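Note that this is a predicted model, so its numbers are computed, not measured.
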Amino acid sequence: MTKRILIVGGGYVGLYTALKLQRKLRGPLKRGEYKITVVEPESYMTYQPFLPEAAAGNLEPRHVVVPLRKVLKRCEVITGRVTGIEQAAKTATVQVTATEFREISYEVLVVAVGSISRTLPIPGLAEHGVGFKTVEEAILLRNQVLGHLDRAAATLDPEERRRSLTFVVVGGGFAGVEALAEMEDMTKDALKLYPELTDKPRWVMVEATEKILPEVGPELGVYTVERLRERGIEVYLNTRLESAEKCHIVLSNGESFDAATLVWTAGVKPHPLLQKTDLPLDDKGRLKATAELTVEGHPLVFAAGDNAAVPDLTKPGEFTAPNAQHAVRQASTLAGNVHAALHGKGLKPYKHAYAGSVASLGLHKGVAQIYGVKLRGLPAWLMHRTYHLSRVPTFNRKVRVALDWTLALFFRRDLVALGALQHPYEEFELATGQRKAS
């Protein structure tokens, strides 16, 4: 009888676990002893550290995603959403269409659904905000920013022009800082094509705590704030977004102004699927994991990444940080432990000392702290690119990313807004006089 290994999620942990398992179990998979099934709502894995560059036009968006079926050739890939897991019965419910659900049984379970954006009940946020966790959001933001430059250049209304040229990013972590820095760089290039625009774009960063980029340390965090402010970017620390109704931004420090673009990157929370399982969760809604990356009380259920509270053996009493560095390394240990469990061998604990962090602040600018060594400016930017090029999955994607960067040395980035992609039926509706059902 074929034993199924079910991997829920095709992100960092899901993809890397499946890749390693299909190599380790190559013979048994051919003989039909095991079957690896990966369930993911999208048909690809997104390498999120490259989203800021994709949004700014430095990278082709298709090159920051990895097609699951192309790289997981010995796995079964189901494009669908797991809506519930019943470990007692060893079954998972998968929604594959709006009306079709499948029940999938398994022998071994790997939960790798990651996290989603953590939002707050702020008036106007749901209506006017955009996140920055997916390639679709990155493309939307790019089109929105360039589209607002077009609008500002065309309008004769000074208030509309100011609103269109005001961009707000909430959240001072990696996603927020890198997205803001890359997009601000892009708008500087774009403005060369708008000689009629004499008003400068206004970029605002809002961070609820007293520092940004805490992962790179306080010294580099202060350096980052100083460099951003030198570029004319307004950075508000210890400040919260209070309201965004009708595109009117109200901050806790008393500032208020209109802004047509609002980007929300203020943290993440565990995936809501975890609440629809019979597996143990901690007070933050994460799966309770052991150092061997099994779920407590369930030796054949494994978890890693953002959705798991994994003990940090290098810092007793703490948990590993929810970042790509740990996720990729945990996936390697997890795959080895799944293989060991299937063959009755002992499991290895996950132990990795955090190597450091790198962040881009736009073209040729960055900060980095690697094993205690602090880098700024061009060296940090080069370290950022080198590190992430080495980590993006598959040789195919590494080559495509490297080629994009090489071409950028000789040609200016494309600065075209394809906002119509968000409304693909509009032209045909105009022709037919009818509105298509969404």
Side-chain angles (χ1 to χ4, degrees), residues 8-9 11-14 40-42 46 48-49 51-52 55 81-83 111-138 140-141 167-180 204-216 221 235-245 249-252 259 261-277 279 281-289 303-310 318-327 330 357 359:
V8 182
Y12 293 112
V13 174
E40 164 62 34
E42 305 297 340
T46 302
Q48 292 181 348
L51 288 182
R81 188 179 302 277
V82 174
T83 58
V111 184
V113 290
S115 59
I116 63 172
S117 295
R118 183 189 66 211
T119 59
L120 298 173
I122 297 172
L125 176 60
E127 293 80 6
H128 303 294
V130 59
F132 202 76
K133 279 182 65 67
T134 68
V135 69
E136 293 84 2
E137 289 174 329
L140 171 64
L141 179 59
F167 310 96
V168 179
V169 177
V170 181
F174 283 113
V177 170
E178 292 189 339
L180 180 145
V204 180
M205 164 155 282
V206 180
E207 168 55 41
T209 67
E210 61 184 8
K211 56 188 175 182
I212 67 173
L213 292 181
E215 295 87 353
V216 299
V235 181
Y236 294 115
L237 304 178
N238 293 312
T239 305
R240 300 180 308 279
L241 174 66
E242 299 285 355
S243 175
E245 288 188 292
I249 304 299
V250 179
L251 304 180
S252 62
T261 301
L262 172 62
V263 186
W264 180 268
T265 67
V268 297
K269 63 181 180 181
H271 198 284
L273 167 65
L274 304 182
Q275 301 293 333
K276 300 176 182 178
T277 74
L279 298 169
L281 306 179
D282 70 358
D283 57 354
K284 294 183 178 179
R286 301 172 298 182
L287 290 169
K288 292 182 178 180
D306 292 6
N307 62 199
V310 178
E318 298 185 23
F319 297 100
T320 57
N323 56 44
Q325 184 180 145
H326 279 301
Q330 286 171 0
S357 300

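Counted by atom type alone, T46 and Q48 present zero donor-acceptor pairs between their side chains at under 3.5 Å.
For the pair L237 and E210, the tightest heavy-atom approach, listed with the atom from each and the gap, is CD1-O, 3.3 Å. Contact detail for D282 and A309: the closest heavy-atom pair is OD2-CB, 3.5 Å. In plain terms, the two heavy atoms of I249 and A244 that are nearest each other are CD1-CB, 4.0 Å. Shortest non-hydrogen contact noted between R118 and W264 is O-NE1, 2.8 Å. Nearest heavy atoms, G285 versus P270: O-CB, 3.5 Å. Residue A327 comes nearest to V13 through the heavy atom pair O-CG2, 3.8 Å, listed as atom of the first residue, atom of the second, then distance.
For the pair E42/T134, no side-chain contact is recorded, criterion being any heavy-atom separation below 4.5 Å from C-beta on. Between N307 and V111 there is a side-chain heavy-atom pair separated by less than 4.5 Å. Annotation: side chain of L273 is in contact with side chain of V8 (closest heavy-atom distance under 4.5 Å). Using a 4.5 Å heavy-atom cutoff, the side chains of V206 and R240 are not in contact. Annotation: side chain of L281 is in contact with side chain of L287 (closest heavy-atom distance under 4.5 Å). Counting heavy atoms from C-beta outward, F167 and V204 have side chains that stay 4.5 Å or more apart. Two residues are said to be in side-chain contact when any heavy atoms from C-beta on lie closer than 4.5 Å; V168 and L241 fail this criterion. Counting heavy atoms from C-beta outward, M205 and V177 have side chains that approach closer than 4.5 Å.
A distance of 10.5 Å separates CD of E242 from CG of L120, quoted to the nearest 0.5 Å. In this structure, K133 NZ and I116 CD1 are separated by 9.0 Å, a value rounded to the nearest 0.5 Å. For the atom pair F132 CZ and E178 CD, the distance stands at 9.0 Å (nearest 0.5 Å). If you take CG on L51 and CD on E136, they are separated by 9.5 Å, rounding to the nearest 0.5 Å. K269 NZ to L274 CG: the interatomic distance, rounded to the nearest 0.5 Å, is 11.5 Å. Taken to the nearest 0.5 Å, the CD atom of Q325 stands 10.5 Å off from the OG1 atom of T320.
With hydrogens and angles disregarded, a donor-acceptor distance shorter than 3.5 Å links the side chain of T265 to the backbone of V170.
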